[in-house]
Protein chains: 2
Amino acid sequence: MGKNACGNELAPGVMRRLPCYLNYLKGIPSGSGYISSATVASALGYGDVQVRKDLAQISGRGKPKMGYEIDNLIAALESTLGYTSYKSAVIVGAGKLGMALYGYDGFSEYGLEIVAAFDADEKITRDIIRGTIYPASYFSEYCRKHRIDIGIITVPRSEAQKVCDEMVKCGIRAIWNFSPAILSAPDSVTVRNENMAESIAVLSRSLEEMPAGK
Amino acid sequence: MGKNACGNELAPGVMRRLPCYLNYLKGIPSGSGYISSATVASALGYGDVQVRKDLAQISGRGKPKMGYEIDNLIAALESTLGYTSYKSAVIVGAGKLGMALYGYDGFSEYGLEIVAAFDADEKITRDIIRGTIYPASYFSEYCRKHRIDIGIITVPRSEAQKVCDEMVKCGIRAIWNFSPAILSAPDSVTVRNENMAESIAVLSRSLEEMPAGK
DNA sequence: GGTATATAGATACTCATATATCGATATGCT
DNA sequence: AGCATATCGATATATGAGTATCTATATACC
């Protein structure tokens with residue numbers, strides 16, 4: 001385990017592909033032993049050289065004629081992607097999307113636990129799916145009492161910047177923004193936008209670009 | 001309106017930024033008239049040249065000393081992104097995420113209407129939020145009766161490929177995949193993966209990379 | 001009406017990413 | 001044990017996106 005154990009800069013393209021590698025490898029029956037870069041590449045539609053270069057950045061060496069040890073790769077990917085470290089998150093905005101995320105139990109696979117939800121509407125402060133929804137006024141106090149790693153924003157566009165500021169003030173340094181707002185935050189805070197609008201645009205354009213299917 | 005009225009290839013980076021431009025411009029009080037590329041650039045953290053190059057691909061010319069006419073830009077962006085054309089969608093998988101998307105009324109802003117939801121579990125075939133959830137067995141018949149543009153997959157990983165195949169068979173040519181599965185589909189079908197795992201990884205790594213937040 | 005200026009558009013350049021080619025090496029078979 | 005081969009790793013090339021610089025032009029002001 002060399003210099004890349006932690007803290008290396010990884011190019012955005014690499015960060016996009018690594019979860020795909022992990023996902024693919026996890027779907028392989030365990031005990032299969034080794035896999036070649038070409039096999040991974042053709043399964044995911046990448047080039048074999050690209051797969052090797054990506055894996056070289058995060059894992060130990062592969063063996064000629066054999067490929068890479070699958071279990072090693074999975075462990076290296078999970079570690080690199082941060083899935084093995086526990087991260088606590090809070091949601092602000094208990095609308096439909098917020099509640100869906102709050103109730104989704106698949107995040108634990110990535111080391112993420114959503115520990116609380118907040119909403120400006122005091123009336124919905126009740127158990128709905130799996131936990132309490134606190135009034136937004138309690139947010140900063142809650143953050144002082146618990147160590148919160150990630151803030152998830154699922155409020156409407158008009159409220160998003162206010163919520164973002166509040167999160168920053170409470171020491172949250174990673175924000176996952178599901179609102180359509182463009183958030184401004186200090187450089188020390190990472191903001192990740194879940195870009196539904198872009199996805200819809202890509203799909204919509206694809207429909208118009210090839211009018212004749214088949 | 002020249003050659004780029006429709007059907008031009010747009011680079012992924014451009015496709016990522018265009019919704020941001022639109023979003024930003026819509027937040028400007030209407031009747032403001034013109035805006036310069038430098039103003040847009042500094043608001044969104046891009047370079048002014050990049051903004052001009054992006055806009056040159058989708059809109060008419062700007063005026064020296066004035067900038068671009070805001071209303072024109074908004075119209076061009078909405079048209080290019082496909083938000084002005086009606087697109088019908090169906091959801092397969094009536095779990096929490098599926099129901100959240102089904103109940104979300106913000107998609108109409110992008111020209112997207114979710115017209116039906118399906119689930120393998122026949123028991124949940126009832127009105128929940130705003131519409132009927134049909135049993136999955138009715139899916140292909142429904143698609144024959146209605147023109148469906150986009151298929152949204154919110155089933156677990158193990159079911160996703162099966163659902164994808166069914167959608168392709170029913171003539172759906174654009175698929176929005178919220179499951180963690182890697183889907184294989186013909187080239188004529190556009191698959192867009194909503195990459196939650198990547199987002200979590202980016203945020204998680206950012207937490208580990210700067211241990212001293214300030 | 002002339003001139004200074006802000007701004008767009010075009011061109012040239014830099015940098016990063018992805019691809020192709022070549023050489024090195026461990027494995028398995030004869 | 002020796003050799004053929006599949007696969008990795010390194011080097012070189014190509015492609016493309018982003019940036020910087022320069023030129024052209026429409027506006028506003030004097």
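Only a predicted model underlies this, so the values are computations on that prediction, with no experimental measurement involved. Below, chain A is the first sequence line, B the second, and so on; all start at residue 1.
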Would Glu109(B) and Tyr83(B) count as having a side-chain donor-acceptor pair, cut-off 3.5 Å? no
Salt bridge present between Glu198(A) and Arg17(B) (N-O < 4.0 angstrom): no
Return the value, rounded to whole Å, for the distance between atom CD of Glu9(B) and atom C1' of dA17(D). 15 Å
Got a list of protein N/O to nucleotides 2-6 of chain D N/O distances below 3.5 Å?
from: dT5(D); atom 1: O2; to: Lys65(A); atom 2: NZ; distance (Å): 3.3

Please give, in whole Å, the distance from dT13(D) P to Lys53(A) NZ? 14 Å
Between atom CG in Asp54(B) and atom C1' in dA17(D), what is the gap in whole Å? 11 Å
Rounded to the nearest 0.5 Å, what separates atom CD1 in Ile70(B) from atom CD1 in Ile28(B)? 4.5 Å
Hey, does Pro12(B) reach any base, or is it just sugar-phosphate, or nothing, if we go heavy atoms under 4.0 Å? nothing
For DNA chain C, note the earliest and the latest nucleotide, 5' to 3', having some atom under 4.0 Å of a heavy atom belonging to chain A. dT17(C) to dT27(C)
Tell me the interatomic distance from Arg16(B), atom CZ, to dG18(D), atom C1', rounded to whole angstroms. 12 Å
Please figure out whether Tyr46(A) or Ser36(B) has its closest DNA chain C nucleotide nearer the 5' end. Ser36(B)
Hey, could you give me each pair passing ring pair (Phe, Tyr, Trp, His ring centres under 6.0 Å) that has a residue in residues 15-63 of chain A? Not counting sequence neighbours. Tyr21(A)-Tyr46(A)
In whole Å, what is the span from the CZ atom of Arg61(B) to the P atom of dT27(D)? 13 Å
Looking only at side chains, do Asp165(B) and Gln161(B) share a donor and an acceptor under 3.5 Å apart? yes
Given 3.5 Å as the limit, does a donor-acceptor pair link the side chain of Thr80(A) with the main chain of Ala76(A), or not? yes
Check ion pair Lys162(B)-Glu159(B) (N to O, under 4.0 angstrom): yes
Using modelled atom types and a 3.5 Å cut-off, is there a donor and acceptor pairing between side-chain atoms of Lys87(A) and backbone atoms of Gly82(A)? yes
Say whether, by atom type as modelled, one donor and one acceptor occur between the side chain of Asn177(A) and the main chain of Ala181(A) under 3.5 angstrom. yes
5'-most by nearest nucleotide on DNA chain C - Ala11(A) or Arg52(A): Ala11(A)
